Number of protein chains: 2
Amino acid sequence: MKLNLEDIARLAGVSRATASRVINHHPNVSAGTRKKVLEVIEANHYQPNLAARMLVTQRTQILGIVIQFPEAIFVSEYVPVLLRGINTVTNEHDYATLMWWERPGVEKERFLGRILQQKQLMDGIIISVTAISSPLIDSMLEAQIPFVMLERPTRHLDEISYVTVDNRHGARLAVEHLIQTGCSRIAHLTGTLDNIDGQDRLAGYREVLEKHGLQVDPALIVEANFSRRSGYFAMKELLARGVDFDAVFAGNDNSAEGALQAMKEASISVPDEVALVGFDDVPTAQDLDPQLTTIRQPIVERGMRATALLLDMIAGKVEKPQHIVLPTQLVIRRSTGVLRAEERSEE
Amino acid sequence: MKLNLEDIARLAGVSRATASRVINHHPNVSAGTRKKVLEVIEANHYQPNLAARMLVTQRTQILGIVIQFPEAIFVSEYVPVLLRGINTVTNEHDYATLMWWERPGVEKERFLGRILQQKQLMDGIIISVTAISSPLIDSMLEAQIPFVMLERPTRHLDEISYVTVDNRHGARLAVEHLIQTGCSRIAHLTGTLDNIDGQDRLAGYREVLEKHGLQVDPALIVEANFSRRSGYFAMKELLARGVDFDAVFAGNDNSAEGALQAMKEASISVPDEVALVGFDDVPTAQDLDPQLTTIRQPIVERGMRATALLLDMIAGKVEKPQHIVLPTQLVIRRSTGVLRAEERSEE
DNA sequence: AGCGCTCCCGGGAGCGCTCCCAAAAAAACC
DNA sequence: GGTTTTTTTGGGAGCGCTCCCGGGAGCGCT
């Protein structure tokens, strides 16, 4: 009962080739026949068979998204916002997205095997990994499948395209801001440290302290992993250490939120006693009490640019790997005490 | 350079048909030729072309997952845990998953159109919607595509398969427990109320109160939406109302967490002054301080069962729509004050 | 030896589409 | 009006696979 292109062509009184042209928006079809064919298609709710099309075009119109995040980070706001960015572009280009979500450490080989096995289904892949060195990357390179990373890789830099943000610069902005507001004992709750974003933010933090002749006190650095809970416990740990501090630069907004909660429980006032800066500027950063000063990274754009780049690569429009670094910017809110309530900047 | 089945057959000295039999584990192939063919496949890293296979078998080996959640709920732990359950089964059966995530209210028609357009790519679909009435359901029924819902639908009950949990019973357990521990002014922070799960939990709450001759006080019911933030603000709202209460039954663990935070800020002790019960038993329920008494629903199993059912439907093993309701169970922890620390039950 | 039966195997059709190429029609030009 | 150019159309091959069907080899039995 399902009609195929042949049927449509017959009903419209044209050849299969012409009907195909209409469907694929080829220019050389007269207005009359085009209209005729479209009517028949419409009347019969015809939809071209995608498998057949894939077979001959060697294109699937599907993009893979590989996310190697632990659940704790998967549930952070970063992921859905990123997905939103990716989807914006895929939707525009009629691409579907095949999602691969791997919890690190869980059946690693099988995961990779499965991706490799189904790689034909995807015209290209967007990869976001927390762990810096992943066998995935090597496999992708070997498999010759177009892919774009969302983090700066540590190896094969000149063979891999990626879209990232200027984490180091952002971290510098954060710490500079804290210093300018008069803080001198600045703690850092790190991000995931086998993740390049986390490393870069830590590096930026160190850099600014050194530049200002402040010593980098290991007692002020607590390792966390970008999750809210880790921020909470890192802050508890920091408090337990009994060291003196007047500001906290958290690895991201999530961990900042956790840290804030821990400070509230310890009756420490933000920003009066301790200034707090996050990173990312996820939507909820503005909803915290106090509103969170943070480093904005264009998450949506990060996803969009990566996707657009990937599509260009698939289309053969990109000759050599592209490295895109999006800017970060300081967004000042209440948690660093600079603004009085009436001065709060609007979005 | 890419080999096809023809090449493999030639290299192994057999016909294409025989090579195909080997690949598809057909029985009638002699051990010798099977071995031969497998060797050639192995040596050349041959992978069958999925598009061609799809074209002839009419199967894609892809499952669609449609999630209609706002971002706030998407980031709750429920989603990744559910996905984990689904993936467990799809992985076992070599199915890939195409994910469609819709933020309610955002370009609804286009979303539906896209799914319909690509429905051929999916052998079946798993649907989880917050909004009770969704045009999606009607479209799916009309499109004759096998699907399983993760919530009990309100219409077409006898045409739709679903896997849900006994929300109402769970809610009853929660409130009964609170009453047994001596609470009488029990507040409820509802779940999303245009969601059937949320409705059922509210209904269970009402039912138990009435059964015990306690009046259902509207002042004790605050609408929330399953997100942590909504729980936080709902609790603030409840406190602002100035009504007396000695227990809170939250729509889920996330909102319970938010409520807990609000109570901490208001210096209300849980469980000493107010007992708190959640719903879901997500992993972090045990990490809260105090650990959260909650109603456990088998989230992973919910995903697994739905997926398994869907695969059975696709295989034609299911003649009429199935309705699966998984049990819920009370998990008592510190937040209802029943257990002293040394009595805490282990998992 | 002859018969029937099972077990293996190969030939060939066909899934539904795109795209090349050549032919036909239309348009443009002198 | 004839010729060249451009535009529009159709025929046919081919993408890589599965599966039906029929033929042949091998085996056991009378």
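Just the heavy atoms: all of them, side chains too, but no hydrogens, waters or symmetry mates, feed the values below. Computed from a predicted structure; not experimentally measured. Lettering of chains follows the sequences in order, A, B, ..., and the numbering in each one begins at 1.
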* **Electrostatic pair E39(B):K35(B) at N-O distance under 4.0 angstrom** =>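 Here E39(B) pairs with K35(B) in a salt bridge, since their nearest N and O are under 4.0 Å apart.
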* Given D312(A), L311(A), L310(A), the one that forms side chain to side chain contact (heavy atoms under 4.5 Å, CB included) with P146(A) ->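 For P146(A), the side chain to side chain contact (heavy atoms under 4.5 Å, CB included) test succeeds with only one of D312(A), L311(A), L310(A), which is L310(A).
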* For the pair F111(A) and W100(A), name the ring-plane relationship: parallel under 30°, tilted 30 to 60°, perpendicular over 60°. =>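 Taking W100(A) first and then F111(A), their aromatic rings stand perpendicular (interplane angle over 60°).
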Calculate the interatomic distance between [X] atom [atom1] and [N] atom [atom2]; express it in whole Å.
X	N	atom1	atom2	result
L5(A)	dG11(D)	CG	C1'	14 Å
R10(A)	dG10(D)	CZ	P	14 Å
Q58(A)	dG16(D)	CD	P	6 Å
K2(A)	dG16(C)	NZ	P	9 Å
R21(A)	dT9(D)	CZ	P	8 Å
N44(B)	dG16(D)	CG	C1'	16 Å
K36(A)	dT9(D)	NZ	C1'	14 Å
D7(A)	dG14(C)	CG	C1'	15 Å

* To do: Test side-chain contact (heavy atoms from CB on, under 4.5 Å) on K36(A) and T18(A) and set out the steps.
  => CA-CA 11 Å; K36(A) 188 87 182 268; T18(A) 303; over 6 Å; no
Is the distance from OP1 or OP2 of [N] to the nearest side-chain N or O of [X] less than 4.0 Å?
X	N	value
N28(B)	dC8(C)	yes
T18(B)	dG10(C)	yes
Y46(B)	dC17(D)	yes
S20(B)	dC19(D)	no
T33(A)	dT8(D)	no

* Asked: Can W101(A) and I65(A) be said to form a side-chain contact (heavy atoms from CB on, under 4.5 Å), step by step?
  -> CA-CA 8 Å; W101(A) 170 40; I65(A) 303 178; over 6 Å; no
* **Donor/acceptor link under 3.5 angstrom from R16(B) side chain onto base of dT18(D)** =>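 Between dT18(D) and R16(B), which were checked side chain against base, a qualifying N/O pair under 3.5 Å is present.
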* Asked: If you find the nucleotide of DNA chain D closest to S15(A) and the one closest to N4(B), which residue's nucleotide is nearer the 5' end?
  -> S15(A)
* To do: Tell which nucleotide pairs with dC29(D), taking only Watson-Crick or G-U wobble pairs whose two distances are both under 3.5 angstrom.
  =>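 Partner of dC29(D): dG2(C).
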* Structure fact -> By the Watson-Crick or G-U definition, both distances under 3.5 Å, dA23(C) is matched with dT8(D)
* **Any R10(B) side-chain heavy atom under 4.5 Å of D7(B) side chain** => yes
* Asked: Where along residues 48-57 of chain B does a heavy atom come under 4.0 Å from DNA chain C, residue by residue in number order?
  -> L55(B), V56(B)
* Go through the steps for K2(B) and N49(B) under the test side-chain contact (heavy atoms from CB on, under 4.5 Å), then give the verdict. => CA-CA 10 Å; K2(B) 199 93 184 305; N49(B) 181 301; over 6 Å; no
